[in-house]
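We're numbering straight along the sequence, starting at 1.
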Amino acid sequence: MRIRTAAAATAGTLALLSFLTPAAQADTSKGDTVFTELLFSKKTVNVGVSAAQTLTVTATAKDGSGIKDIYGAKLVSSDDRIIHAGSADCTRPTSTTRKCVFKFTLDADRTDYYDLKNSSAGTWHFTAEAVANDGDFYDLEDSAPVKVKRYAKLANTQASPEPVAKGGTLTVTGTLTRANWDTNVYAGYGSRSVALQFKKSGSSTYTTVKTVTTDSSGKLKTTVTANSAGTWRWKFAGSSTTSTVTAYGDGVALK
């Protein structure tokens with residue numbers, strides 16, 4: 001990467017700690033400069049069509065001669081879309097270390113280069129370069145991944161008739177949609193497997209009864225036998241590009 005840019009100020013709440021491993025093939029380095037830790041505020045960032053999402057990344061680098069600075073912090077998608085840090089807050093915890101908190105904003109509802117596109121969903125990487133006072137460096141390229149996914153929705157579960165006779169047939173429907181970053185609307189997510197789950201009255205645990213595939217419009221419809229009163233719901237496990245989602249349940253009594 002070998003980029004020289006300056007950094008300026010903010011911070012965020014941190015949840016995930018992951019230590020940099022030097023095994024990533026695309027990372028390059030010279031001398032004893034290393035990134036000693038990377039802190040991500042989220043493991044996965046789920047982005048819809050209107051509300052922007054933020055991600056903070058805290059990077060700490062070390063070198064025996066001291067770290068001059070950490071340059072060029074950005075997020076890069078698999079299709080080479082780039083989001084630069086909107087701000088950074090850098091300190092020197094010791095004479096040999098430099099610590100920077102970078103804040104990124106991910107937004108599908110924009111009209112510039114930073115606008116997210118469907119092709120960019122999946123694994124992104126945080127990249128940056130730590131440069132030491134003696135000229136050593138560590139160029140971080142692909143050993144700091146983060147998932148950026150399209151936000152999914154499941155319409156409230158509908159089960160009918162209500163109430164239903166014991167042993168009777170219950171029809172359960174729903175609709176799975178996900179954010180389309182190209183058009184900024186939620187669109188039906190077709191050909192996806194969605195679990196239909198049931199929680200018996202008095203229980204706190206849902207059990208998967210069957211798996212149903214959405215049609216081309218993302219709609220779900222199936223029938224089950226009602227042997228007990230309880231709550232039915234849909235649950236989508238997500239994919240490499242789309243978030244997980246669980247629908248609100250529909251309670252059904254027996255008559």
Modelled atom types, side-chain donor and acceptor of [X] and [Y], under 3.5 Å:
X: T208; Y: Q197; value: yes
X: Y138; Y: D27; value: yes
X: D136; Y: T33; value: no

Does [X] reach the main-chain N or O of [Y] with its side chain, forming a donor-acceptor pair under 3.5 Å?
X: T225; Y: T169; answer: no
X: R92; Y: I67; answer: yes
X: T231; Y: K199; answer: no
X: S216; Y: G190; answer: no
X: R81; Y: D115; answer: yes
X: N180; Y: V185; answer: no
X: K149; Y: S239; answer: yes

Distance from [X] atom [atom1] to [Y] atom [atom2], nearest 0.5 Å?
X: N133; Y: R98; atom1: CG; atom2: CZ; result: 10.5 Å
X: L176; Y: K219; atom1: CG; atom2: NZ; result: 11.5 Å
X: K99; Y: C90; atom1: NZ; atom2: SG; result: 11.0 Å

Margin query: Less than 4.0 angstrom from a charged side-chain N to a carboxylate O is my criterion; do R233 and D250 meet it?
Written below: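 Not counted as a salt bridge, because no side-chain N and carboxylate O are separated by less than 4.0 Å.
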Taking all non-hydrogen atoms of both residues, which atom of [X] and which atom of [Y] are closest, and how far apart?
X: F198; Y: A229; answer: CZ-O, 3.6 Å
X: A179; Y: Y186; answer: N-CD2, 3.5 Å
X: V212; Y: K221; answer: CG1-O, 4.0 Å
X: W181; Y: S120; answer: CZ3-C, 4.4 Å
X: A52; Y: T105; answer: CB-CG2, 3.8 Å
X: N184; Y: A108; answer: ND2-O, 2.9 Å

Mind checking whether [X] and [Y] sit in one hydrophobic cluster, side chains of I, L, V, M, F, W, Y counted as touching below 4.5 Å?
X: V252; Y: L196; answer: yes
X: I70; Y: L55; answer: yes
X: V49; Y: V47; answer: no

Q: Would you check, one step at a time, whether the test side-chain contact (heavy atoms from CB on, under 4.5 Å) holds for T222 with L220?
A: CA-CA 7 Å; T222 191; L220 292 155; over 6 Å; no
- prompt: Are T242 and Y151 side-chain neighbours, meaning at least one heavy-atom pair lies under 4.5 Å?
  reply: no
Joining Ile, Leu, Val, Met, Phe, Trp and Tyr whenever any side-chain heavy atoms lie under 4.5 Å apart, the cluster holding Y206 also takes in none
